[in-house]
Amino acid sequence: MQNNHHKEHLYKILVIGDLGVGKTSIIKRYVHHNFSPNYRATIGVDFALKVLNWDQETVRLQLWDIAGQERFGNMTRVYYREAMGAFIVFDVTRPASFEAVTKWKEDLDSKLTLANGKHVATVLLANKCDQGRDVLTNNGIKMEQFCQENGFVGWYETSAKENINIDEAANCLVKHIIASEKDMLQSEVPDTITPQLEKDKGGTCSSCFRSQ
Amino acid sequence: MSTRHTHEMIMKTQKSLPEYILHYPQLSSVRVKELCELLSYWNGASFICKSQIERFIRMGIPPSLRGRVWKCLLTTDILRDASDFNYQMCLSEVRGPLVDLGISEYGILSAITTLSDTQNDLGLNRQQPTSPSKPRYSVDDITLFRQIALDLQRSFPTHRSLMGESPEAIEGQAKLFRVLIAYAKYNPKVGYTQGMSYIAAVLLMELGEEEAFWALVALLDKPKYLGEMFDLSLTKVQHQVKVFDQFLKHRKPQLSKHMESVGILSVHFVMPWFLTLFTSLPCWDSVLAVWDLLILHGLSAVFRTALTIVELLEPRLMDLKDEGAILPLLLRVPVDVAQYTVLVPALWNTEVQDWELKCMNSLELDESHNEPKAEQSESHGTLSGEVTEGKEKENVSPASVGEKTTEKVTLPGAVNILTRVMRLAQRHLLDPMGRQRVEKKSSQTQAAPRQQSPATGRFCRSRTSASLTQAQIRSRRRTQQRGVTNQPVVQESSDDVTVGDAEDCEKTEGSEQTLKRSGTGPVGKVAHGRSNHSRVKSFRLLPSVKSPVKQAPPSSSSSVPASSVCSSTLPSIRSPPSSLQLSSVPKSGEQNDSPRTALIKELSSRQQNSFPFRKAKESKLI
């Protein structure tokens, strides 16, 4: 923050998907660069932080690991707030977890929109691609089509175990988040009255009350 | 942020043994004999038995006797005898589907694969009619088995009895699988919720398989413990989280405010505590001590432990201003807080009485009833948007128009809460049994000087919460009244631009709705910015007051008569609480003062500062 060239960005990213598809493993791989078959089941929510250098800027990612059991879906709204991006994860060896992807996406879009009314950038992760039992994603064109139809900005075949494509997927998401942030900032420009008023008022008010 | 595998290391009992011996108090053989005797004459209904056992729990239950203590306290035998559910029979019924699916609880990993495959096949053949030889399992069975199987190795992944492929672990996983399946069959409405595996696993470490099952039933079904907490909707847990919020607001107002400002919701860290009963604390002897207390006292001990942890972390939390730093601390409580010598003594110094829990509960219920549109856990309004909205309404509407209606709506609600809290407190304090209990407890705990005062502490605290409520209601009334009396000033000296503006808007016709919106939007925000700072203190304490206001009709007509009605009636209502406040204990006095001082501060700062620039702003606005 000392010089203007070095900006810091903080983004909250959700990691959602059905139970046991490997959400926690992906996060551990991405943040701690390791994999273990022995993770605790996530109850409610877990949390990890990843710091990236991005074009001479610092990007901090708050990764929110959200419990996958269906009944926790009731309270996802609490976890979604203020998120800027999301990974939706499914397990390539289990078609049922892929069917749930649309459900998760709908849940996300219905409960969370950006300030400009758009949906948050979401990347689809086809996890456990190392297992060689891929029954779904070998048709890349279909997956592309699926992503377009369902509003995903991209999709990756990943493996937390073998460390495949996880950094790439994250970079893709960050790229889109930054783009959507810029988009939001620009869209605010035409509406000149509100920010000016707020700025003036806010300044005087806070200084007045801070002096107490 | 670093992962802590510490607890997993400690969980390997062998590794932690030296530390364990160092920290964990050891009872003399005389005491152990006494405890054994107590357990052999155990009578769950006897109060003496319970107070005796509390004494032992305070001293530290010897590990070898823990299972017996839990069994007595959870009355597993009575539960089993009273129920027509037969554990063994249930398991033999489950055997059929397991055989048909080709899985066994003794090979969990392969079972997971098989179950996934079966699920896939069923998914593919969904359109086809069911096969002629009808299998003994349903689709729900497969989902259930698979969910449980997945969590067996994910509950205590490094505990000897559940980790890896050793015979011990395979047996441990099989037991856990059976207990969880049996519970899902016993209570099909609830089935399996993540979190249960942690609880069942701990029970299995201390009890035999069937005992563990009945202990699980007791913990998950009895209202004293987690009754209804694990149901499909998880609404009860969410409610309890809000009750915890009430506790936090009353006991740790500053911390509560701080967390709110940083954007931390209790639900993020309290939910796992409720659903796994602190089993993820990194120090195992602490977990067991917490469980001893929890099994003795039930739900209130969950609140007690949660509050203790938060209190121990408070200095650290207050220093942190970043969500990303605070949450990990609460989700993975550090060893220096969780260790036996720190956590357990602090736990004994924190009290949560049942009546207090009831008070907070009804406060929360009142609030959620009065706030029908608030959704789930958001009703606390840590979402800045909601806070803004709520405050805005409070600030604008009383002073502008719907004064009469607001007052009408608010007063019964406020009085209702007040009387309910008072009644509850009274009932518990004046109840001869309650008092007896208090006395007994204080005489019992003479040994430790700090614990000698629970009796008085309890009385004080009751007054604290009662008077707090009054203070809050009073502050609410005062702000309303001030809004009213200020009104003439508003129009003349333009003290408050918003009020005038909003008033105009309220009077506009429906067709001008859009205009109104654009008019109040930024201005409303300004009003919020101005008064929110000073108001936070006073409203933080009693959110329940906030709720009736939200309900108040947004607009009505004629403001003049309403103001006169209110200012004439209010002083008389106001005086009794303030005298009560004076009589309350000094400890609570400090808390009570905050809304008042906040108001005074606000009033004085208004007079000193706001006039000049307000005028300027007004001209700009126009």
Side-chain angles (χ1 to χ4, degrees), chain A residues 10 12 19-20 24 28 31-32 34 36-50 60-62 64 67-75 77-79 81-82 91 93-97 99 133 135 193-198 200-212, chain B residues 1-3 112 116 119-120 123-124 146-147 150-151 153-158 163 193-195 197-198 231-235 238 263 265 267-269 271-272 275-276 280 323-325 327-328 331 375-378 383 521-523 525-526 529-530 533-534 601-602 605 609-610 613 617 620-621:
Chain A
L10 177 72
K12 172 174 172 177
L19 179 129
T24 308
K28 296 272 158 141
V31 176
H32 303 294
N34 59 19
S36 143
N38 302 325
Y39 289 132
R40 299 174 136 247
T42 309
I43 307 299
V45 70
D46 205 351
F47 180 90
L49 197 67
K50 170 91 177 180
R60 288 175 187 276
L61 302 179
Q62 284 183 356
W64 289 63
Q69 199 182 9
E70 209 174 346
R71 55 188 76 185
F72 287 97
N74 188 331
M75 36 195 316
R77 187 187 295 271
V78 189
Y79 302 133
R81 61 185 198 114
E82 287 167 17
D91 173 352
T93 67
R94 294 187 52 238
S97 71
E99 280 164 28
R133 287 152 47 94
V135 284
I193 297 164
T194 320
Q196 273 186 356
L197 268 178
E198 269 197 320
D200 284 346
K201 283 281 188 175
T204 35
C205 283
S206 58
S207 64
C208 147
F209 278 92
R210 222 164 265 162
S211 63
Q212 279 186 16
Chain B
M1 195 193 63
S2 66
T3 33
I112 294 173
S116 301
Q119 224 170 17
N120 290 351
L124 290 174
R146 190 175 168 276
Q147 280 194 345
L150 267 177
D151 283 352
Q153 292 188 327
R154 305 200 298 169
S155 300
F156 291 102
T158 52
M163 173 185 65
T193 302
Q194 287 194 311
S197 60
Y198 292 88
D231 73 347
L232 267 172
S233 65
L234 293 173
T235 38
Q238 296 178 55
L265 297 179
V267 68
H268 294 327
F269 59 94
M271 251 256 307
L275 295 183
T276 65
S280 48
E323 189 183 27
L327 254 190
L331 287 170
E375 268 179 274
Q376 297 170 16
S377 319
E378 288 176 358
L383 273 173
V523 180
K525 263 180 205 155
V526 172
R530 176 183 55 76
H533 289 293
S534 47
K601 268 185 195 168
E602 190 193 351
S605 67
N609 303 331
S610 44
F613 73 75
K617 284 297 159 275
K620 228 184 197 179
L621 264 174

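The sequence lines fix the lettering, A, B, ..., with proteins before strands; numbering per chain opens at 1. Computed over heavy atoms, backbone and side chain alike; hydrogens, waters and symmetry mates excluded.
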Start with the C-alpha distance between A/R40 and B/S155, add both sets of side-chain angles, then the distance that settles side chain to side chain donor-acceptor pair (under 3.5 Å), and finish with yes or no.
CA-CA 5 Å; A/R40 299 174 136 247; B/S155 300; over 6 Å; no
Given side-chain contact (heavy atoms from CB on, under 4.5 Å), test B/R146 with A/R94 step by step and report yes or no.
CA-CA 12 Å; B/R146 190 175 168 276; A/R94 294 187 52 238; 3.0 Å; yes
Verdict with supporting geometry, A/Y79 and B/H268, ring-ring contact (aromatic ring centres under 6.0 Å, His included):
CA-CA 8 Å; A/Y79 302 133; B/H268 294 327; 5.5 Å; yes
Hey, mind stepping through A/R71 and B/S233 against side chain to side chain donor-acceptor pair (under 3.5 Å) and telling me if it holds?
CA-CA 6 Å; A/R71 55 188 76 185; B/S233 65; over 6 Å; no
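- Heavy atoms of B/Q153 lying under 4.5 Å from chain A belong exclusively to its backbone.
- Contacts between B/L232 and chain A at a heavy-atom distance below 4.5 Å involve backbone atoms as well as side-chain atoms.
- The candidate from B/T193, B/I112, B/D231 with the greatest count of non-hydrogen atom pairs under 4.5 Å with chain A is B/T193.
- Contact count against chain B (heavy-atom pairs under 4.5 Å) is highest for A/V45 among A/T42, A/V45, A/T24.
- A distance of 12.0 Å separates CD in A/Q69 from CG in A/N74, rounded to the nearest 0.5 Å.
- Contacts of B/F269 with chain A are absent, with no heavy-atom separation under 4.5 Å from either backbone or side chain.
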